[in-house]
Amino acid sequence: MTLAISVGVLMAGFVFLVLQRGMVRVILGFILLSHAAHLTIMAAGGASRREAPLVADPDPALTADGLPQAFVLTAIVIAFAITIYLLVLAVIGGDDDDTDVGDLDHLDLLAELPGGAHPEDPEPDEPTNHDAEGVHR
């Protein structure tokens, strides 16, 4: 039960941090996601309910599966590499994000329609020169 709560807290932290604006917060959220995945894979192996997988005389009924532990070890290395890559991207592209959320109010983000009509304009500026099939003359 404690493991499930830990995974839930890590996932909640991941969602909170990924929804933030800063790149470093997104990277920290990714780290929390990878930790939650590691705990989930370890829980699937049953290491908490069984003995260690590598002992002198293992009993297959009592020992934990060693494969999830190997998966987690591989996942830790991959998550570390991706984290370093994301940190490099954050350092290189740190000065590119100079927009503010309020700066987008003055932009007209709606595309122009054929014939010069704007989607919010009730009357087009110029009459359209289209035939019955919609081909421009």
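Keep in mind that what you see is a predicted model, and the values were worked out from it rather than measured.
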Enquirer: Quick check: closest heavy atoms across S34 and I31, and the distance to 0.1 Å?
Expert: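 It is OG-O, 2.7 Å.
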
Enquirer: Can you give me the closest heavy-atom contact between G13 and L32, atom names plus distance?
Expert: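 What the structure gives for the nearest pair is C-CD1, 3.7 Å.
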
Enquirer: Let me confirm one number: the CD1-CG distance from I78 to L73, rounded to the nearest 0.5 Å.
Expert: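 Answer for the CD1-CG pair, I78 versus L73, is 10.0 Å.
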
Enquirer: Looking at every non-hydrogen atom in both residues, tell me the closest pair between F30 and F14 and how far apart they are.
Expert: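 Closest pair (atom of F30, atom of F14, distance): N-CD1, 4.2 Å.
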
Enquirer: Calculate, to the nearest 0.5 Å, the distance between atoms CE and CG belonging to M1 and L3 respectively.
Expert: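 Between atom CE of M1 and atom CG of L3 there are 11.0 Å.
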
Enquirer: Any side-chain heavy-atom pair from F71 and L67 closer than 4.5 angstrom?
Expert: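 Touching, per the 4.5 Å side-chain cut-off.
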
Enquirer: Same cluster or not: L39 versus F16, using hydrophobic residues (I, L, V, M, F, W, Y) connected whenever any side-chain heavy atoms lie under 4.5 Å apart?
Expert: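 Yes; tracing contacts between hydrophobic side chains, which count when under 4.5 Å, links both residues.
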
Enquirer: From T74 OG1 over to Q69 CD, what is the distance, rounded to the nearest 0.5 angstrom?
Expert: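 If we round to the nearest 0.5 Å, T74:OG1 and Q69:CD are 12.0 Å apart.
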
Enquirer: At what distance, to the nearest 0.5 angstrom, does CG of L28 lie from CE of M23?
Expert: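 Rounded to the nearest 0.5 Å, the CG-CE separation comes to 11.0 Å.
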
Enquirer: Of the non-hydrogen atoms in V26 and V18, which two are nearest, and what is the gap between them?
Expert: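 So the two residues come closest at CG2-O, 3.9 Å.
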
Enquirer: Which heavy-atom pair separates L17 from R25 by the least distance, and what is that distance?
Expert: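 So the two residues come closest at CB-O, 3.3 Å.
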
Enquirer: I'd like to know if V77 and Y85 are part of one continuous hydrophobic network [Ile/Leu/Val/Met/Phe/Trp/Tyr, side-chain heavy atoms within less than 4.5 Å].
Expert: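 No, it is not one cluster - the side chains of Y85 and V77 are not joined through contacts under 4.5 Å.
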
Enquirer: Might you point out which heavy atoms bring P68 and M42 nearest each other, and give the distance in Å?
Expert: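 Heavy-atom minimum between the residues: O-SD, 4.5 Å.
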
